[in-house]
Q: 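Before anything else, here's the structure in question.
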Amino acid sequence: MTGPLVPFREVVLKVHSRCDLACDHCYVYEHADQSWRTRPRTISDDVIFRTAQRLAEHAKAHALPSVSVILHGGEPLLAGPARLRRVCEVLTSAFDGVAELDLRIHTNGLQLSPRYLDLFDEFNVRVGISLDGDRAANDRHRRYADGRSSHPLVLKAVELLRQERYRHLDLGLLCTVDIENDPIAVLDALTELDPPLIDFLLPHATWDDPPPRPDGSPTAYAEWLLAVFDRWQEQGRPVPVRLFSSVLSTLSGGPSLTESLGLAPTDLVVVETDGQLEQVDSLKSAYEGAAATGFDVFTHTLDEVAAHPGVRARQLGLAGVSETCRSCPVVRSCGGGLYTHRYRSTGPSGEFDNPSVYCEDLAALVRGIEARTAASLVAPEIADPVELAASQRELTRMLLARLNADVEEHGDERWVRAWGLAAAIEGSEEGARGLDEVLAHPYTRTWLLHVLEALHDERPGAVEHALRLPALLAAAAVRAGLDIPVGVGYTDGRLVLPGLGELRIGGAGEHGTALVRAVEDGFLVRWGEGDPAERRVVLSAAGPGWRPVRRLSVPGAASGPVLDLAIDDLDPYRDCFAAPASAALDDRAAAELVARIGDAWTLIVAKAPLRAAEMAGRLTTLTPLTGPAAAEPAVGRHGYGALGIVADGSAEELALALLRGSRRAELQALADVTDLYAADGAWEHRIPWQEEPVPFSRLLAETYERMALGAFEPRCLEGVPQALDTLEGAAELTVSGKRLLDLMRKEI
């Protein structure tokens with residue numbers, strides 16, 4: 001098995017190997033592995049010290065910021081307060097100065113008392129309690145050996161943990177599913193206790209020992225959980241439910257939130273009371289010795305355990321699930337199910353190279369949650385260009401706020417003054433509108449990303465690059481007509497107002513600060529020492545030293561849409577494309593560019609009027625590039641609405657380039673604000689127009705572009721229906737991606 005070792009970030013430490021309950025569904029005592037019988041009842045000092053040493057060594061070697069240690073059993077409270085104090089003291093001491101220690105304990109709650117909770121408060125040990133619902137549900141399995149109910153004592157423990165002085169230690173409730181129980185009654189009983197989290201667990205089962213299905217339904221567990229989900233929704237989701245949150249996260253492109261679902265590699269190891277190092281505890285449900293590694297804390301490092309074939313098998317992500325699962329569209333959400341639940345002792349595949357014994361349940365659960373929530377999970381930007389533009393502006397504002405937080409740490413007074421000026425400009429309706437226009441300029445995003453990365457990497461001059469902010473503020477004030485003077489730095493004798501133009505006020509190498517203030521139709525600028533120079537600039541007309549950003553307005557034939565663009569060949573951050581930006585155009589080159597784009601636009605309006613209408617509303621800025629092929633437009637690290645293009649070639653070639661480029665820019669803008677797919681590159685897909693398989697992102701991008709080109713050149717649509725089918729069956733798609741696919745099908 002290849003790939004780097006995944007360090008352990010979670011450790012289950014068995015502090016006591018016996019239990020005061022006789023739950024008939026317990027994987028430790030009631031399933032295949034009976035190794036508990038030979039374990040010491042209580043963890044010894046030697047095992048505590050050696051475990052702490054091994055964990056701290058491992059955390060230090062892998063530079064782990066934190067490690068979670070879960071005190072477990074059997075029933076861990078049976079170890080007693082003195083032994084648990086010893087565990088906490090030794091672990092806390094070992095991790096001091098190495099990594100943050102996250103201590104937890106999972107208990108049935110029967111022994112919980114203020115004495116324990118005061119100890120846990122001292123060491124910040126958070127407490128999770130097992131409770132299967134109301135009394136009838138809980139007592140179905142969680143009873144004493146003599147048959148007595150455990151429910152009253154568990155409720156007493158929960159109420160104790162809910163007291164104000166202990167509330168911060170509450171991890172929540174763990175509930176094992178039994179489909180004989182009433183799902184509504186179970187959820188109501190749990191939510192009534194107001195826990196911070198509910199975790200529903202499927203009962204451990206394998207293909208050799210499958211879960212009970214009284215009515216024979218292959219989706220009985222999904223139906224039970226979906227009934228809980230519907231009630232949870234009806235209640236307004238009063239408590240987070242980890243299982244549901246995990247599915248909702250993966251449907252939207254996020255990570256799995258539980259080991260039992262998703263493709264994230266395992267990072268958990270178990271330390272038994274005798275110091276034996278084992279794999280995840282649930283494997284004890286499979287067969288005797290399934291969890292064993294042959295390693296212990298006295299003679300082996302945790303890296304040796306991480307290299308164990310059984311551990312590595314659970315770290316392979318997609319490659320670690322069965323072939324059936326790899327081709328299933330819901331595998332990113334279900335992850336093939338819990339590793340233990342895949343076990344089958346006989347058959348053509350390996351012991352764990354099978355779908356989960358809950359396979360049909362998991363698929364039905366994921367699809368059921370998706371069907372119930374898709375409308376709320378789909379990003380509105382997918383179908384609404386106005387929402388997309390608003391989200392792009394909000395993204396730029398978020399980046400600007402982050403930049404402020406980062407630069408503030410440097411204590412630069414110039415930035416503090418500029419930020420205060422930004423607040424003053426935004427304080428009026430006109431100023432806020434002007435600032436919005438400047439932030440919507442695509443290359444404002446380029447500047448923000450450049451400076452944030454420079455600050456993160458501690459590059460020299462990063463703060464100086466951040467001080468482009470006054471130029472943006474001056475442009476906003478001028479656009480708004482606000483009589484607010486703004487000091488703007490200039491270099492090489494050039495004063496640039498983003499999105500407006502460039503003023504030459506000195507020679508090469510000259511630098512300084514100019515004062516800019518809005519006047520009617522333009523701005524007034526003063527610069528220089530002593531007797532300063534002054535110039536009045538009219539925005540809309542070129543004048544001495546002033547080069548405005550040119551605008552292009554190309555009407556379509558008859559009542560066709562008008563293409564209204566800024567031709568930005570001046571912004572210093574426009575060089576953000578794969579191909580280099582051209583130098584500033586002279587009047588002749590600009591006129592030729594306008595003429596060629598006009599011819600191309602006429603063709604687009606005639607052959608693809610619907611696409612022309614979309615482009616006219618979304619494409620705002622065009623930057624000329626230098627490069628070999630007009631047919632390959634570029635998108636780069638910029639905000640919404642920009643396109644870089646080499647404007648050579650025929651009108652038809654340029655029309656195709658504009659169509660392709662605008663489509664690429666749209667897809668990039670969507671990807672900036674919502675996840676259309678996840679786990680890109682984990683799968684490869686056949687693409688109808690070439691032989692080599694490609695990752696999902698390329699399949700989507702090329703299909704999306706070809707659909708736009710198809711209205712102009714029908715042969716581009718060859719293979720598109722098949723590509724859409726491939727996209728639809730892909731596991732990478734999020735609910736937003738599926739909505740985009742629906743729109744693509746309607747478009748085709």
Q: Only one of Leu676, Leu727, Leu733 passes side-chain contact (heavy atoms from CB on, under 4.5 Å) with Leu740; say which it is.
A: Leu676
Q: Please check if any side-chain donor atom of Arg698 sits under 3.5 Å from a side-chain acceptor atom of Gln690, or the reverse.
A: yes
Q: Indicate whether the side chain of Glu381 and that of Ser391 have a donor and an acceptor atom separated by less than 3.5 Å.
A: yes
Q: Just checking, is any N or O donor in the side chain of Thr258 or Ser260 under 3.5 Å from an acceptor N or O on the other one?
A: yes
Q: Within the side chain of Arg342, is there an N or O that forms a donor-acceptor pair under 3.5 Å with the backbone of Gly336?
A: yes
Q: We want to know whether Asp296 and Thr299 form a side-chain donor-acceptor pair, criterion being a heavy-atom distance below 3.5 angstrom.
A: yes
Q: Can a side-chain donor-acceptor contact be found between Asp178 and His141 if the only test is distance below 3.5 angstrom?
A: yes
Q: Where the side chain of Gln279 meets the backbone of Thr293, is there a donor-acceptor pair that is under 3.5 Å apart?
A: no
Q: Would you check if Val125 and Leu119 make a side-chain contact, meaning some heavy-atom pair closer than 4.5 Å?
A: no
Q: Salt bridge check: are Arg54 and Glu57 linked by an N-O gap of less than 4.0 Å?
A: yes
Q: How about Asn354 and Ser322: does a side-chain donor come under 3.5 Å of a side-chain acceptor?
A: no
Q: For a quick test of reading the model, state the closest non-hydrogen atom pair linking Pro355 to Cys325 and the distance between them.
A: CA-SG, 3.8 Å
Q: Could you tell me whether the side chain of Arg445 reaches within less than 4.5 Å of the side chain of Asp672, counting heavy atoms only?
A: yes
Q: Are a donor atom and an acceptor atom from the side chains of His72 and Glu272 found within less than 3.5 Å of each other?
A: no
Q: What class does the angle between the rings of His308 and Phe295 fall in, given that below 30° is parallel, 30 to 60° is tilted and above 60° is perpendicular?
A: perpendicular
Q: Could you tell me if the ring centre of Phe120 sits under 6.0 Å from that of Tyr166?
A: no
Q: Is there a donor in the side chain of Asp209 and an acceptor in the side chain of His204, or the other way round, less than 3.5 Å apart?
A: no
Q: With heavy-atom distances below 4.5 Å as the criterion, would you say the side chains of Asp675 and Ser252 are in contact?
A: no
Q: With a 4.0 Å cut-off on N to O distance, would you call Arg344 and Asp208 a salt bridge?
A: no
